[in-house]
There are 2 protein chains.
Amino acid sequence: MEIENDFQIIPSYGVQRVEDMLATVVGAGYSNTRARRAVLEALCETGGQATPNRLLALGRAHHPALGLVTVYRTLDILHELGLVRKLHSDAGCHAYAPTTHDHGHHVICQACGQAVEFEGCDIAAVVAAVETQTGFRVQTHWLEMFGMCPKCRKNEG
Amino acid sequence: MEIENDFQIIPSYGVQRVEDMLATVVGAGYSNTRARRAVLEALCETGGQATPNRLLALGRAHHPALGLVTVYRTLDILHELGLVRKLHSDAGCHAYAPTTHDHGHHVICQACGQAVEFEGCDIAAVVAAVETQTGFRVQTHWLEMFGMCPKCRKNEG
DNA sequence: TTACTTGCAAAAACTTTGCAGGCGC
DNA sequence: GCGCCTGCAAAGTTTTTGCAAGTAA
């Protein structure tokens with residue numbers, strides 16, 4: 001199996017490839033344009049998350065005329081198709097990360113910002129406890145973890 | 001025990017009272033001002049969450065000259081003192097909710113927007129699985145649930 | 001009285017909308 | 001060539017900053 005880039009800690013959880021995402025976009029009836037390819041390429045070079053502004057900077061390496069508006073519009077499409085998720089933190093809620101699993105949540109490195117999706121979030125017991133405690137009926141949830149990625153832990157000794 | 005308002009589903013998880021929050025603010029060395037009391041009162045009238053703009057509208061009932069900037073600055077202080085948390089959702093990340101527990105997360109009604117804090121989020125097993133899966137060392141996490149509150153479920157029959 | 005606070009105005013940051021021209025198919 | 005797509009400009013939102021006047025202690 002081919003390693004895509006530095007950020008790929010565990011191959012099976014690596015960054016989704018540009019071609020796969022592009023195929024989904026085209027399959028949904030959208031055109032294969034230079035600007036959209038540039039955004040997808042940028043997204044795959046980010047280490048797991050990026051703000052629209054950062055995607056613009058990275059994308060311009062592939063397509064110098066790329067505009068910020070197009071980044072936003074492309075992210076809308078990718079979100080609609082389930083190819084990206086929005087990440088949230090107290091530091092800001094402007095980052096997007098590529099999706100790699102059906103029911104995915106992210107763990108984010110507090111040192112370098114790398115975001116990796118994990119699977120198997122089994123919190124049924126917690127949900128049941130909350131329903132009993134509050135009387136709510138829980139329909140969906142949202143979970144994010146923050147810590148240190150393997151690389152940053154190694155660099156800290 | 002006195003019921004504070006409509007939004008208090010379970011007494012022990014009810015809205016924190018203005019006086020308690022004010023005592024904490026004053027104890028931290030901040031002045032007891034009319035504007036700050038107005039924001040605290042607004043916060044306790046919201047049903048568990050509100051945006052700065054909504055707090056401004058509610059707060060002006062108590063202090064007509066209240067300005068939006070002061071709402072933001074007061075929220076900063078309350079956040080620093082751990083008295084409010086920021087809520088996040090795909091719909092937007094502009095809402096704040098009063099804190100009622102040490103390690104709190106919120107469950108939010110998708111119909112009326114009410115937010116209630118719950119305690120006892122035991123996700124140690126999930127954290128351990130994520131650490132094994134990704135190689136990250138998880139330091140903190142963040143969890144939010146979405147569903148229907150008792151009142152809205154009743155209204156839907 | 002003194003220092004902290006406030007509210008206005010303005011700026012900054014982020015996101016969306018309108019539109020004429022360009023590009024994919 | 002037709003119609004989707006793009007990028008610029010401008011507008012709309014949300015949040016922060018500067019500052020003179022006001023208020024708590």
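Bear in mind that the values here come from a model prediction, so they are computed numbers and not experimental data. Throughout, protein chains are lettered first and strands after them, A, B, ... in sequence-line order, and every chain is numbered starting at 1.
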key: From dT15(C), dG7(D), dT15(D), nucleotide with atom closest to Pro52(B) side chain   = dT15(D)
Under-4.0 Å side-chain N/O to phosphate OP1/OP2 contact, His63(A) with dT6(D) = no
inquiry  = Just the rounded figure in Å: distance from C1' of dG7(C) to CG of Leu68(B).
reply    = 11 Å
task = Any chance you could measure Leu58(A), atom CG, to Leu66(A), atom CG, to the nearest 0.5 Å?
result = 10.5 Å
message = Are Met148(B) and Leu87(B) connected into the same hydrophobic cluster when the rule is that any two of I, L, V, M, F, W, Y join if their side-chain heavy atoms are below 4.5 Å apart?
response = no
ask   = How close or far is atom P of dT5(C) from atom CG of Leu78(B), stated in whole angstroms?
value = 13 Å
task = Please tell me which of the listed nucleotides, dT15(D), dG7(C), dC14(C), lies nearest to the side chain of His94(B)?
result = dT15(D)
inquiry  = Tell me the interatomic distance from Leu66(B), atom CG, to dT5(C), atom P, rounded to whole angstroms.
reply    = 15 Å
request  = Could you tell me the separation between the CG atom of Asp76(A) and the P atom of dC14(C), rounded to a whole number of Å?
outcome  = 17 Å
request  = Counting heavy atoms from C-beta on, name the nucleotide in dG7(D), dT5(C), dT14(D) closest to the side chain of Tyr72(B).
outcome  = dT14(D)
inquiry  = Tell me the closest heavy-atom pair linking Leu81(A) and Thr24(A), and the distance in Å.
reply    = CD1-O, 4.1 Å
remark   = Contacts of Arg60(A) and Gly29(A) projected onto DNA chain D by closest heavy atom; the upstream (5') one is Gly29(A)
note = The side chain to side chain contact (heavy atoms under 4.5 Å, CB included) partners of Glu80(A) (sequence neighbours excluded) come to Tyr30(A)
request  = Hey, can you tell me if His88(A) and Trp142(B) have their rings parallel, tilted or perpendicular (30° and 60° cut-offs)?
outcome  = tilted
ask   = What pairs with His63(A) under ring pair (Phe, Tyr, Trp, His ring centres under 6.0 Å), at least two apart in sequence or on another chain?
value = none
remark   = Taking dC5(D), dG7(D), dT5(C) as options, the one with an atom nearest any side-chain atom of Arg36(B) is dT5(C)
ask   = Roughly how many Å is it from NE2 in His88(B) to C1' in dT14(D), rounded to a whole number?
value = 15 Å
inquiry  = Does any part of the side chain of Cys121(B), heavy atoms only, come nearer than 4.5 Å to the side chain of His141(B), both counted from C-beta?
reply    = yes
task = Indicate for each nucleotide in nucleotides 17-25 of chain C, in 5' to 3' sequence, whether protein heavy atoms under 4.0 Å reach the base (B), only the sugar-phosphate (S), or nothing (-).
result = BB-----SS
task = Grab the CD1-P distance between Ile77(A) and dC4(D) for me, whole Å please.
result = 13 Å
key: Euclidean distance, atom CG of residue Leu40(A) to atom P of dC5(D) [Å, nearest integer]   = 14 Å
message = Side chain of Asn53(B) only, heavy atoms from C-beta on: which candidate in dC14(C), dT15(D), dT14(D) is closest?
response = dT14(D)
